[in-house]
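I have a structure I would like to understand better, so I am pasting it below and will then ask my questions one at a time.
One-based numbering, in listed order, for ligands and for the atoms of each.
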Amino acid sequence: MKTQVAIIGAGPAGLMLGHGLRQAGIDAIIIERTSQARVRQRIRAGVLERTTTDLLTRLGLDHRLKLEGLPHHGLTLVNDGRIIDVPVTRHTGRHVTVYGQTEITRDLIEAAPARGLDIIWEATDVALHDIEGDTPAVSFTVAGERRRIETCIIAGCDGFHGVSRQAIPRAVRREYERAYPFGWLGVLADVPPCHPEVVYASHERGFALASMRSQTRSRYYLQVGLEEKLEDWRDDRFWTELKTRLGPDIAAKVITGPSIEKSIAPLRSFVSEPMRHGNLFLAGDAAHIVPPTGAKGLNLASSDVTYLTEALISWIDHGQSEGIDGYSDRALARIWKTERFSWYLTKLMHRFPGESAFERRMQNAELDYIAQSDAAQAMIAENYVGLPL
Ligand code: APR
Ligand code: PHB
């Protein structure tokens, strides 16, 4: 088999890249380790920047997004029950859109056949070959048979635990990491949201977040210790803790109901440089992770994909190499600023084990300052809505 671009991973990054290349008439095949059902079931964040919604519009895949996405013009911070509204649109003239990643994945997968985008599901033992030479290839096993695809370019879109990043020699790779000493316990429930905006709450007992998927489906999170077990978090315990942390005004509007999904995820900041080595290009979680505070993971994947699609088209169709040569630096410049914002919001809103009273006072002072300062709110709004491409 032969193709022009072999894409490893059918998460949002791989799917968006595949669609962008096919739209330009470039051959691309996606090779994915798990089943379609598993990819479609994964529940992750749901706040989209313009970078992401514009990309879906350019791909002609925004039909359901336009019908079902909820425009949000602000966000709400809460500090020990005191509410701070950050009017994002007033500060930036732009808004974000609430639309679940599960829905985006579904839209991209369902539109793939019509665009001639092949996805090979359940491909195990994926291996990259000759990324530094003239005959790059990807091999894998499907239904017990070993197969090999020869290609010009390999796009590593296989997430944090994928194989692509590991194919870049250790001596070339620079990795930067911060693991946080806590995780997020997430609950999805078919109950109306408690507040019109997404709520980020700082509380003595830890952080809480109130978000939504629609007018009838809510997504909530609690900061929990890394040693916490899901089975110790029955629904009633979750709801009680959530209400305490959100504070009395918002808690009064929380409608509880049975959880339809519950999971614990660790928080991490991570960047691997460079994002290109030879004929291999990384995009999305394969190259970087942000903690979910601020909902930047998917949005960063879509800015990488925007840069990479443009670069690959001008290389493959016009033989111009400036785009592919500049891809890593260009993508990383935006990634680091987004890493900073996600880290900043995480540090500002969470309780850290062993933090001193001084550090807690600093968080309080900063949240008081944000409550009173247009300039501080503008900084948050500008980052939340997404930095320019
Ligand atoms: N071979 C093939 N596919 C692989 C391999 C492998 N060795 N390892 C992982 N994959 C697949 C995963 O099964 C997954 O479907 O690559 C895909 C990577 O998808 P994501 O982890 O979603 O990463 P990305 O597409 O970069 O998404 C970026 O969306 O899913 C969120 O948390 C993610 O917010 C981030 C954003
Ligand atoms: C979500 O809706 O799942 C969500 C929203 C905002 C975040 C993280 C997750 O910062």
inquiry  = I'd like the name of whichever of Glu32, His161, Met16 reaches closest to atom 11 (C) of ligand 1 through any heavy atom.
reply    =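 It is Glu32 that holds the nearest heavy atom.
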
query = Under a 4.0 Å heavy-atom limit, does Cys157 contact ligand 1 with its side chain, its backbone, both, or neither?
reply = backbone

task = Using a strict 4.0 Å cut-off to heavy atoms of Gly159, name the atoms of ligand 1 that fall inside it.
result = 18 (C), 21 (O), 23 (O)

inquiry  = Below a 4.0 angstrom heavy-atom separation, can you tell me which part of Ala13, side chain or backbone, both or neither, approaches ligand 1?
reply    = both

key: Close side-chain approach of Val126 and Arg33, heavy atoms under 4.5 Å   = no

task = Identify the protein heavy atom lying closest to atom 22 (O) of ligand 1, giving its residue, its atom name and the separation to 0.1 Å.
result = Arg44 NH1, 2.8 Å

ask   = Considering only heavy atoms of Gly162, which atoms of ligand 1 have at least one such atom less than 4.0 Å away?
value =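 With Gly162 as reference, the close atoms of ligand 1 come out as 8 (N).
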
task = Report, in ascending order of atom number, the atoms of ligand 1 lying under 4.0 Å from any heavy atom of Gly284.
result = 26 (O)

request  = Over all heavy atoms of both residues, which pair between Thr346 and Pro291 is shortest? Give the atoms and the distance, please.
outcome  = OG1-CG, 3.3 Å

Arg245 side chain reached by Gln223 side chain, heavy atoms, under 4.5 Å =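 A side-chain contact under 4.5 Å exists here.
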
key: Under-4.0 Å salt bridge between Arg219 and Glu261   =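 A salt bridge links Arg219 with Glu261.
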
ask   = Within a radius of less than 6.0 Å around CZ of Arg40, do more than 12 heavy atoms belonging to other residues, nucleotides or ligands occur?
value =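 Correct, the count exceeds 12.
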
key: Exercise: do Arg174 and Ser272 side chains pair donor with acceptor under 3.5 Å   =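 No, no side-chain donor-acceptor pair sits under 3.5 Å.
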
task = Go through the side-chain N and O atoms of Tyr99 and Asp107 and say whether any donor and acceptor fall under 3.5 Å apart.
result = yes

message = Does Arg340 qualify as a cation-pi partner of Trp343, given the criterion of NZ or CZ under 6.0 Å from the six-membered ring centre and within 45 degrees of its axis?
response = no

ask   = Taking the non-hydrogen atoms of Lys296, is any one of them nearer than 4.0 angstrom to ligand 1?
value = no

Numbering as shown, the atoms of ligand 1 that approach Ile31 to under 4.0 Å (heavy-atom distance) =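 It comes down to these atoms of ligand 1: 2 (C), 3 (N).
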
ask   = Of the choices Ile30, Asp158, Leu15, which has the non-hydrogen atom that lies closest to atom 16 (O) of ligand 1?
value = Asp158

message = Could you tell me if the side chain of Val96 sits less than 4.5 Å from the side chain of Val88, heavy atoms only?
response = no

ask   = Taking heavy atoms and a distance under 4.0 Å, where does Ile8 meet ligand 1: side chain, backbone, both or neither?
value = side chain

Whether over 12 other heavy atoms sit under 6.0 Å from Arg94 CZ = yes

message = At less than 4.0 angstrom from any non-hydrogen atom of Asp285, what atoms of ligand 1 do you find?
response = 23 (O), 26 (O), 28 (C), 32 (O), 33 (C), 35 (C), 36 (C)

message = What protein heavy atom lies closest to atom 7 (N) of ligand 1? Include the residue and the distance to one decimal.
response =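 For atom 7 (N) of ligand 1, the nearest protein heavy atom is Val163 CG2, 3.6 Å.
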
key: Protein residue, atom and distance nearest to atom 3 (N) of ligand 1, heavy-atom basis   = Arg33 N, 3.2 Å

Residue, atom name and distance, where the atom is the protein heavy atom closest to atom 27 (O) of ligand 1 =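 For this ligand atom, the closest protein heavy atom is Pro12 CD, 3.5 Å.
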
query = Got the residues with a heavy atom under 4.0 Å of ligand 2, by chain and number?
reply =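 Ligand 2 is contacted, at a heavy-atom distance under 4.0 Å, by Ala45, Gly46, Val47, Trp184, Tyr200, Leu209, Ser211, Arg213, Arg219, Tyr221, Pro292, Thr293, Gly294, Ala295.
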
message = Using a 4.0 Å cut-off to any heavy atom of Ala301, which atoms of ligand 1 qualify?
response =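 Selected atoms, number and element: 28 (C).
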
key: Under 4.0 Å to a heavy atom of Arg42 - the qualifying atoms of ligand 1, by number   = 13 (O), 14 (C), 15 (O)

key: Aromatic ring proximity His350/Phe182, centre distance under 6.0 Å   =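 So the answer is yes for these two rings.
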
ask   = Are Trp336 and Tyr176 an aromatic pair by the rule of ring centers under 6.0 Å?
value = yes

ask   = Looking just at side-chain N and O atoms, do Tyr180 and Arg178 make a donor-acceptor pair shorter than 3.5 Å?
value =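 On atom types as modelled, these side chains do not qualify, holding no pair under 3.5 Å.
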
task = Might you point out which heavy atoms bring Ala189 and Pro258 nearest each other, and give the distance in Å?
result =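 Shortest heavy-atom contact: CB-O, 3.7 Å.
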
inquiry  = Can you see whether Thr97 engages His72 through a side-chain donor-acceptor pair at a distance of less than 3.5 angstrom?
reply    = no

key: Check: Thr34/Glu32 side-chain N/O donor and acceptor closer than 3.5 Å   = yes

ask   = In the protein, which heavy atom is nearest to atom 19 (O) of ligand 1, and how far is it?
value =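 Atom 19 (O) of ligand 1 sits closest to the protein heavy atom Gly11 CA, 3.4 Å.
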
ask   = Side chain, backbone, both or neither: which part of Gln101 has a heavy atom under 4.0 Å from ligand 1?
value = side chain

remark   = Heavy-atom proximity to atom 1 (N) of ligand 1, picking from Val126, Leu17, Leu298, Leu300, points to Val126

